[in-house]
Amino acid sequence: MPIEVLLFAFLLVIAVVVARLRDLFAAAMLTGIFSLLSAGLFTLMDAVDVAFTEAAVGAGVSTVLLLGTLSLCAREEREKPLRLLPLVVVGVTGAALLVGTLDMPHYGDPAAPIHQHVAPDYIAGTQREFGLPNVVTAVLASYRGFDTLGETAVVFTAAVGVMLLLVERRRQRGERPH
Amino acid sequence: MLQPQRMREKVVLRVVAQALIPFILLFALYVQFHGDYGPGGGFQAGVIFAAGFVLYALIFGLDRLEAVVSPRLIEVGTALGLLLYAGVGIATMLLQANYLDYKALDPHDPGHGLHLGILLVEFGVGLTVTSSMLAIFQAFAGRRHD
């Protein structure tokens, strides 16, 4: 348990520092570290597949993309006066989320609704029908195959959107050198 | 963002990157094809595979990356992965089963059909994710200050 407390404390410190930092380069690197620590937390919760994704996407590719964006804009955040309304909105939302967690089942509670619905069938079925040790893969690719097809379509759409917005413009600019 | 001249002069960066990249790609392939048995799968493998190429571009420059994987190839890969996934569903329908019912892929051994189907759709996911990550990276890194 103490290692979880330590990781959560680090996450809290980093979140506050990122919000307060004016140096955007340092902030981008710290968000990467935030992701890496989250991945450590997910590993401790036995969610290895999620941890894997968080480490690769959150700490790896996202940080590179953030740095790439930074090279196109200013390195320092401009000084802005503290505005009251956004602070109130964020405070109220955070408080509502905290209140919401009070009703949630305890972590790892076997009586939690999520463990009562289809999960037992998936766990039993993965062994019986697939003979696969990784239940996550069986759920992802087979039980929820339609969802994963949709997710792949979302990734595809995101890439197409970025290409349309950024790449086409670059080509047009290259075509008129005179 | 990319300053290949400056990066290439840094011997430690260059040598370490050169040593690491083959292992990153190999690890991605392991995550891809071992996803049924260990943690991981198409999504994770795709990102790790793309990370290997991104590291290469960070050290050696975007031009060298585009010489290895052309933007055209990436565009094709993005669509091909999704088509492979959807195509497995069409194939099972042609074999007179439900959409994405992998058991139909091998009528004599449904278990083998399941494994084959999962392998194919995971490969489709991996291909689309790798290509998408590289497409987004190239689009961002290829922009200039103006």
Side-chain angles (χ1 to χ4, degrees), chain A residues 43 46-62 64-73 126 129-134 136-138 140-142 144-146 148-171 173-174, chain B residues 1-3 28 31 34-48 50-51 54-55 58 71 74-75 78-79 81-82 85-86 88-89 99-103 110-111 114-115 117-119 121-122 124-125 128-129 131-146:
Chain A
T43 313
D46 286 336
V48 201
D49 285 82
V50 186
F52 223 143
T53 316
E54 184 64 47
V57 180
V61 176
S62 301
V64 171
L65 290 182
L66 275 179
L67 293 178
T69 317
L70 265 187
S71 70
L72 302 170
C73 61
T126 302
E129 293 180 57
F130 297 80
L132 290 181
N134 190 352
V136 178
T137 299
L140 199 90
S142 187
R144 295 294 174 94
F146 282 28
T148 309
L149 178 61
E151 282 164 21
T152 314
V154 168
V155 174
F156 169 77
T157 315
V160 170
V162 170
M163 281 192 245
L164 284 174
L165 284 172
L166 299 180
V167 178
E168 210 44 54
R169 218 171 279 171
R170 198 177 76 196
R171 277 188 198 152
R173 204 163 48 207
Chain B
M1 159 185 200
L2 302 166
Q3 293 144 325
V31 172
H34 203 254
D36 312 3
Y37 298 95
F43 281 102
Q44 292 91 338
V47 174
I48 296 170
V54 167
L55 179 61
L58 286 177
I74 290 172
E75 280 170 26
T78 309
L82 184 59
Y85 199 139
V88 171
Y99 191 73
L100 289 178
D101 185 358
Y102 310 128
K103 286 184 202 125
L114 268 175
H115 283 244
I118 290 177
L119 199 74
V121 300
E122 289 276 11
V125 171
T128 290
V129 170
S131 310
S132 299
M133 291 295 153
L134 286 178
I136 293 171
F137 173 72
Q138 283 192 341
F140 271 85
R143 301 203 76 188
R144 304 269 177 276
H145 240 309
D146 52 9

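Labels below follow one simple rule: chain letters A, B, ... track the order of the sequence lines, proteins then strands, and each chain is numbered from 1. FYI, side chains are in, hydrogens and waters are out, and symmetry mates aren't considered; it's all heavy atoms of this structure.
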Do [X] side-chain atoms and [Y] backbone N/O form a donor-acceptor pair below 3.5 Å?
X	Y	answer
Asn134(A)	Tyr37(B)	no
Thr128(B)	Phe156(A)	no
Tyr85(B)	Gly145(A)	yes

How many angstroms lie between [atom1] in [X] and [atom2] in [Y], if you round to the nearest 0.5 Å?
X	Y	atom1	atom2	answer
Leu166(A)	Phe140(B)	CG	CZ	6.0 Å
Met163(A)	Thr78(B)	CE	OG1	4.0 Å
Thr137(A)	His115(B)	OG1	NE2	11.0 Å

Which of Val160(A), Thr126(A), Val155(A), Val48(A) touches chain B most, by non-hydrogen pairs under 4.5 Å:
Val155(A)

Side chain, backbone, both or neither: which part of [X] has a heavy atom under 4.5 Å from chain A?
X	value
Ala79(B)	both
Val125(B)	both
Leu114(B)	side chain

Least distance between heavy atoms, [X] atom then [Y] atom:
X	Y	answer
Tyr99(B)	Phe146(A)	O-CE1, 3.6 Å
Phe137(B)	Leu65(A)	CA-CD2, 3.9 Å
Ile48(B)	Ala56(A)	CG1-CB, 4.2 Å
Ser142(A)	Ile118(B)	CB-CD1, 4.5 Å
Leu82(B)	Ala153(A)	CD1-N, 3.7 Å

Hey, are the side chains of Asp49(A) and Phe43(B) touching, using non-hydrogen atoms and a 4.5 Å cut-off?
no

Bottom line for Thr148(A): the part with an atom under 4.5 Å from chain B's heavy atoms is both

Heavy-atom contact with chain B under 4.5 Å, split by part of Val61(A):
side chain

